[in-house]
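What follows is a set of notes on a single structure, which appears directly below.
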There are 2 protein chains.
Amino acid sequence: MLNRDYPSQYCPVASTLEVVGERWTLLIIRDVFLGIRRFDDLQRDLGVARNILQARLERLVEEGILVKRPYQERPVRNEYRLTEKGADLWPVLVALLQWGDRYGLEGERPMILQHRGCGGELDDRRRCVACGADVTVTEAIAVRTGARRPQTVAEPVSA
Amino acid sequence: MLNRDYPSQYCPVASTLEVVGERWTLLIIRDVFLGIRRFDDLQRDLGVARNILQARLERLVEEGILVKRPYQERPVRNEYRLTEKGADLWPVLVALLQWGDRYGLEGERPMILQHRGCGGELDDRRRCVACGADVTVTEAIAVRTGARRPQTVAEPVSA
DNA sequence: CGGAGTCGGTTGCTTTATACAACTTTCTTG
DNA sequence: CAAGAAAGTTGTATAAAGCAACCGACTCCG
């Protein structure tokens, strides 16, 4: 995008999109939610160009959505973690996920959100359908089903 | 963006972003939710380039999120309306709006969501804080407060 | 009847972001 | 001491977004 912001708009939707609306940004955040926290792991998982990934991570750190912190010294190796501000984007990701489940992938569901422990799925208001609780980020887990892209023929895991 | 899709991803979040993740798209949908339905009105409100607006609207119609229908013949003038599929993006917009309210505009809230009739605001699960009901798209109204961008000095409406 | 205005686009050119691949630095392991 | 991993950085190319001007169909005004 030419400018990442929307100068004619004074709107909370626009202001959020100015921060997380660029290509790849929300997928990076999704990956961090899933526990993918290192540069190379993110790059491999997303297939994004490394310079773009670098630019996005730097921006997200500047915005206070991620923090960069070393998980080892010598050599310094960093990982990216969500701040509270970043974790508060969870409802956005859940809303995108649920719309994608309904309209995106022809009934396939590669990922399912569950209430930790209880195991119930989440409804569109992030409540557990089993126990009825309001589920927060920390109480939810994302379970990857085995679902793959339909046109890709499933192969036995080999060599 | 070079490609609008994310070929390495088989994920409902990514599949949703392939459809609505391009620059301007979600703001166009927000405007249609607010009742701005005509090409020129959208263009004026958003300040988006006309060719981009045209491309986005065409894509959204192809995707079944908007429908184009004439509101008059001779000359044919069209407006864009949300389909059910489009209206189901409401939770995404609400989530973006609420994050923006919390983190985006320094406490200013240019727009407030209320439960129609009851007048209560919506919580982060789209429930009415006054009566407790689960609020759906059709039961909600967006109220624009007078809030403006702080650095813009408020002027009397003139000429 | 002629000119201005409106709506909904389309076209051409410029600017900017994204993609891709190769390279770098620092340190670890065999 | 060579190979490899992690985390970037750099350079070049291509595609998308921005901008302004134009267009066709019709209406309204004088």
Side-chain angles (χ1 to χ4, degrees), chain A residues 1-9 14 17-29 31-32 35-63 66-81, chain B residues 1-9 14 17-29 31-32 35-63 66-81:
Chain A
M1 36 200 87
L2 200 49
N3 301 309
R4 61 183 162 220
D5 40 57
Y6 300 100
S8 73
Q9 298 294 308
L17 290 173
E18 288 177 353
V19 182
V20 300
E22 289 175 293
R23 181 157 158 78
W24 296 112
T25 299
L26 279 167
L27 292 184
I28 293 167
I29 294 170
D31 270 9
V32 178
I36 303 175
R37 292 191 256 266
R38 300 182 185 178
F39 189 93
D40 274 30
D41 292 340
L42 288 164
Q43 198 278 320
R44 253 190 304 275
D45 185 68
L46 296 170
V48 57
R50 302 175 73 83
N51 51 350
I52 301 300
L53 177 58
Q54 164 55 17
R56 294 294 181 275
L57 288 170
E58 191 177 335
R59 176 98 201 280
L60 289 169
V61 169
E62 278 171 16
E63 294 288 344
L66 298 179
V67 278
K68 181 177 185 173
R69 65 174 209 197
Y71 62 88
Q72 65 173 39
E73 310 286 339
R74 322 192 54 77
V76 178
R77 290 288 176 263
N78 299 304
E79 61 178 15
Y80 296 88
R81 285 183 172 269
Chain B
M1 43 201 80
L2 200 49
N3 302 308
R4 62 183 161 220
D5 40 56
Y6 300 99
S8 75
Q9 299 294 308
L17 290 173
E18 288 177 353
V19 182
V20 299
E22 290 175 293
R23 182 158 158 77
W24 297 111
T25 299
L26 279 166
L27 293 183
I28 292 168
I29 294 170
D31 271 9
V32 178
I36 304 175
R37 292 191 256 266
R38 300 183 186 177
F39 188 93
D40 273 29
D41 292 339
L42 289 165
Q43 198 279 320
R44 253 190 306 273
D45 184 69
L46 296 170
V48 58
R50 303 173 74 81
N51 50 351
I52 302 298
L53 177 58
Q54 164 55 17
R56 293 293 182 276
L57 289 170
E58 192 176 333
R59 175 97 202 281
L60 289 169
V61 169
E62 277 170 19
E63 294 288 344
L66 299 179
V67 278
K68 182 177 185 172
R69 64 175 210 194
Y71 61 87
Q72 64 171 42
E73 310 286 338
R74 321 192 54 74
V76 178
R77 289 288 176 266
N78 299 304
E79 63 179 13
Y80 295 89
R81 285 182 171 268

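Throughout, a chain's letter reflects where its sequence line sits, starting with A, and its residues are numbered from 1.
Note on A:Arg23: a side-chain N or O is less than 4.0 Å away from OP1 or OP2 of C:dA19. OP1 or OP2 of C:dG8 has at least one side-chain nitrogen or oxygen of B:Tyr71 nearer than 4.0 Å. Contact annotation: A:Arg77 does not reach the phosphate of C:dT28 (side-chain N/O to OP1 or OP2, under 4.0 Å). Between C:dT18 and A:Arg56, a contact under 4.0 Å exists linking OP1 or OP2 to a side-chain N or O. At the phosphate of C:dA17, neither OP1 nor OP2 sits under 4.0 Å from any side-chain N or O atom of A:Trp24. Taking side-chain N and O atoms only, B:Tyr80 has no distance below 4.0 Å to OP1 or OP2 of C:dC7.
Atom CD of B:Glu22 and atom C1' of D:dG18 are 15 Å apart (whole Å). If you take CG of B:Leu53 and C1' of C:dG9, they are 10 Å apart, rounded to a whole angstrom. Taking atom CZ of residue A:Arg59 and atom C1' of nucleotide C:dA17, one finds them 14 Å apart after rounding to whole Å. Put simply, CD on A:Glu79 is 20 Å from P on D:dA5, counting in whole angstrom units. Computed from coordinates, the B:Leu66 CG to C:dG8 P distance equals 14 Å when rounded to whole Å. Rounded to an integer number of Å, the gap from B:Arg4 CZ to D:dT14 P is 21 Å.
Note that OH of A:Tyr80 and NZ of A:Lys68 are 4.0 Å apart. Values are rounded to the nearest 0.5 Å. For the atom pair CZ of B:Phe39 and CZ of B:Arg77, the computed distance is 11.5 Å after rounding to the nearest 0.5 Å. Rounded to the nearest 0.5 Å, atoms CD (B:Glu58) and CG (B:Leu66) are 12.0 Å apart.
For the contact set between residues 39-52 of chain B and DNA chain C, defined by any heavy atom under 4.0 Å, the members are B:Phe39, B:Asp40, B:Arg50, B:Asn51.
In this structure, A:Arg23 contributes its side chain and B:Asp5 its backbone to a donor-acceptor pair below 3.5 Å.
Nearest nucleotide to the B:Gln54 side chain, out of D:dG8, D:dG18, C:dG9: C:dG9.
When every heavy atom of B:Glu18 is checked against every heavy atom of B:Arg59, the shortest pair comes out as O-NH1, 3.2 Å. The two residues B:Leu46 and A:Gln9 have their closest heavy-atom pair at CA-NE2, 3.5 Å. Between A:Leu60 and A:Thr25 the shortest heavy-atom distance is CD2-CG2, 3.8 Å.
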